Amino acid sequence: MLAIDLRSDTVTRPDEGMRRAMAGAEVGDDVFGEDPSVNRLQEVAAELLGREAALFVPSGTMANQVCLRLLTRPGDEVICDRTAHLVRYEGGAAAVLSGLPFNLLDAEQGILSPEMIAAAINPDNVHLPVSRVVALENTHNFGGGAVYPLGTVRAIQDLARDRGLALHLDGARMFNACAAAGYTPAELAAGFDTISFCLSKGLGAPVGSMVVSSRENIHEARRVRKRLGGGMRQAGILAAAGLYALEHNLDRLAEDHARARVLAQGLDELPGVDIDPARVETNIVVMDISGTGLEPQEAVARLADRGVGVVPFGPGRLRAVTHLQISDPDIDQALATFRQVFRNKNA
Ligand SMILES: Cc1ncc(COP(=O)(O)O)c(C=O)c1O
């Protein structure tokens, strides 16, 4: 049992208020479009992002894949960062479900620039896949929770519009981006064809993600979701948790960011740990521990033995994520444990 579980912001458990909201939810058959709680969540999500319509889906992966399916034909190419979630962590879904090759770019902390994208767009040539979609991830998970400045998003949107490309936002943690950069969800969402966001990460719901787009796209998305097996029945019990999360857990995300910064500053003082606290903008802390002489798996095991959960995150790297069940004392305790493990590698 991990006393301080920093492996992900997906490990949160519903609190009493959320459980009460779930237990009392009005429900109906959502495949018939008759679940009032799901319908309400979809309206709230669309309104929050300033868009026409939204669809409740079981996971962030399904949300991303429904969006890609909407925007492409088999053989079209998706331009995105090499470490994007929809490339690395979705089981090859884009290739299997939609027949999509990727054009992968190497961006600092996963944040693409319009220049990189412009250089990557294929000319009209029968040998080449058609560059159809640009996918941004904000915040960027593998990039250590990095945030897109709004100006960069707008410049990329201008380019995509000029060149006839569609735009998808993997906004699994878009509200963390908003809290860190100071833009609103509607400002961030404007100009994307499709947006996915997760209720089950920093917002603390047990299940669920949203696809947000135009009314026409969401109509088609319902069909794609059904085809993928994501049509749910009395899903209002889950939607109620999402509604509760949007109502209660949005405004507190900056607390997670502050705790992540404290954690990063403490880690920066440890011998052999390479981390730049200035790059910790949101709730994700990525550190390079090569200098400690411990392999990531070994460090993870030793930290876990002492009750602190983190995950290996690429060669030499660990990831720790703050969330609504991590307190200030937890951060102090986690740092004390990191000190023990990294000071004494034979401990
Ligand atoms: C950036 C990003 N997008 C999408 C997902 C997929 O979400 P899920 O695990 O609900 O499928 C994740 C999950 O961690 C993520 O970090």
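All figures in this text were calculated on a predicted structure; none of them were measured in a lab. Order of listing sets the numbers, starting from 1, for every ligand and every atom in it.
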For [X], atoms of ligand 1 separated by under 4.0 Å from a heavy atom:
X: Glu137; result: 1 (C)
X: Ser59; result: 10 (O), 11 (O)
X: Glu90; result: 4 (C)
X: Asn64; result: 3 (N), 4 (C)
X: Thr61; result: 6 (C), 7 (O), 8 (P), 11 (O)

Looking only at protein heavy atoms, identify the closest one to [atom] and say how far it is in Å.
atom: atom 13 (C) of ligand 1; result: Lys201 CE, 2.9 Å
atom: atom 3 (N) of ligand 1; result: Asp170 OD2, 2.8 Å
atom: atom 6 (C) of ligand 1; result: His85 CE1, 3.3 Å

Judged by modelled atom types alone, do [X] and [Y] share a side-chain donor-acceptor pair under 3.5 Å?
X: Ser37; Y: Glu26; value: no
X: Asp76; Y: Thr72; value: no
X: Asn176; Y: His257; value: yes
X: His85; Y: Asn64; value: no

Looking only at heavy atoms, the pair that brings Phe56 and Gly208 closest together is CE1-CA, 3.7 Å
Is the contact between Arg173 and ligand 1 made by the side chain, the backbone, both, or neither, using heavy atoms and a 4.0 Å cut-off?
side chain
Looking at Phe142, does the NZ or CZ of Arg82 lie under 6.0 angstrom from its six-membered ring centre and within 45 degrees of the ring axis?
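No, cation not above the ring by the 6.0 Å, 45° rule.
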With a cut-off of 6.0 Å (strictly less than), are more than 12 heavy atoms of other residues, nucleotides or ligands near CD of Gln325?
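Check passes, neighbour count above 12.
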Given Gly208, Gly60, Gly143, Pro58, which has its nearest heavy atom closest to atom 10 (O) of ligand 1?
Gly60
